[in-house]
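Worksheet for the structure shown next.
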Amino acid sequence: MSTKVLFVCLGNICRSPTAHGVFEKLVADAGLQDSIQIDSAGTGDWHIGRAPDERTLQAASKRGYDLSNLRARQVTSADFQNFDYVLAMDKSNLKDLRAMTGDKTNCHVSLFLDFAESSWKREVPDPYYGGEDGFETVLELAEDGARGLLATIRSSGR
Ligand code: 4NP
């Protein structure tokens with residue numbers, strides 16, 4: 001049985017696609033692509049069907065991640081049945097997810113950076129209205145969170 005992970009931000013064009021691509025590469029490099037399934041989604045609906053933000057694509061590409069095939073979609077209530085982990089980029093995303101689930105879910109819903117091992121940050125800051133360095137920060141935090149998440153999934157033996 002595979003473990004299913006969904007990364008969630010607001011627009012699904014900056015932070016969650018970055019986490020998606022970073023985690024996907026880490027999982028593939030570990031040879032675990034058949035046992036871990038990955039997706040990403042937004043709490044908002046503005047960018048449905050669109051590729052990630054150009055600045056996200058550029059910053060990711062510089063570090064060896066190709067996010068160009070990803071397309072934005074919105075979180076649905078079925079996601080809480082289909083995924084084992086639904087991981088929010090910030091507290092506002094988490095609040096929106098909790099409003100959708102109430103207490104009626106068996107899946108793990110938390111902040112993505114709860115799994116980070118190096119950073120003291122708990123939230124991935126929204127880079128949308130900022131400069132290029134914000135996109136670098138998203139990548140650094142995503143790499144940290146992805147490593148910790150993979151370690152947790154491996155140690156849970158799923
Ligand atoms: P994301 O960034 O949640 O990391 O994808 C944003 C993308 C778009 C908007 C806000 C945040 N927006 O307001 O359109």
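Each ligand, and each atom within it, is numbered from 1 in the order the structure gives. Quick caveat, the model's predicted, so the values are computed rather than measured.
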In ligand 1, which numbered atoms sit nearer than 4.0 Å to a non-hydrogen atom of C14? 1 (P), 2 (O), 4 (O), 5 (O)

Can you confirm whether more than 12 heavy atoms, excluding those of Q33, are under 6.0 Å from its CD atom? yes

Counting only heavy atoms, tell me which of W46, Y129, Y128 gets closest to atom 9 (C) of ligand 1. Y128

At under 4.0 Å between heavy atoms, which part of V138 makes contact with ligand 1: side chain, backbone, both or neither? neither

Considering only heavy atoms of G11, which atoms of ligand 1 have at least one such atom less than 4.0 Å away? 1 (P), 3 (O), 5 (O)

Under 3.5 Å, is there a donor-acceptor pair between the side chain of R15 and the main chain of V124? yes

Counting only nitrogen or oxygen atoms and a 3.5 angstrom limit, does S16 reach ligand 1? no

Does a donor on one side chain sit under 3.5 Å from an acceptor on the other, for D96 and N93? no

Name the closest protein heavy atom to atom 11 (C) of ligand 1, giving the residue it belongs to and the distance to 0.1 Å. D126 OD2, 3.1 Å

Charged N-O contact under 4.0 Å between E143 and K25: no

Which atoms of ligand 1 sit under 4.0 Å from any heavy atom of I13? 5 (O), 7 (C), 8 (C)

When you measure from the side chain of D144 to the backbone of E117, do you find a donor-acceptor pair of N or O atoms at a distance under 3.5 Å? yes

So is H47 touching ligand 1 or not, going by heavy atoms under 4.0 Å? yes

For atom 1 (P) of ligand 1, what's the nearest protein heavy-atom neighbour? Residue, atom name and distance, please. C9 SG, 3.5 Å

Sub-3.5 Å donor-acceptor pair from the side chain of D79 to the main-chain atoms of T76, do we have one? yes

Fit a plane to each ring of H108 and F115, take the angle between them on a 0 to 90° scale, and name the class: parallel (under 30°), tilted (30 to 60°) or perpendicular (over 60°). tilted

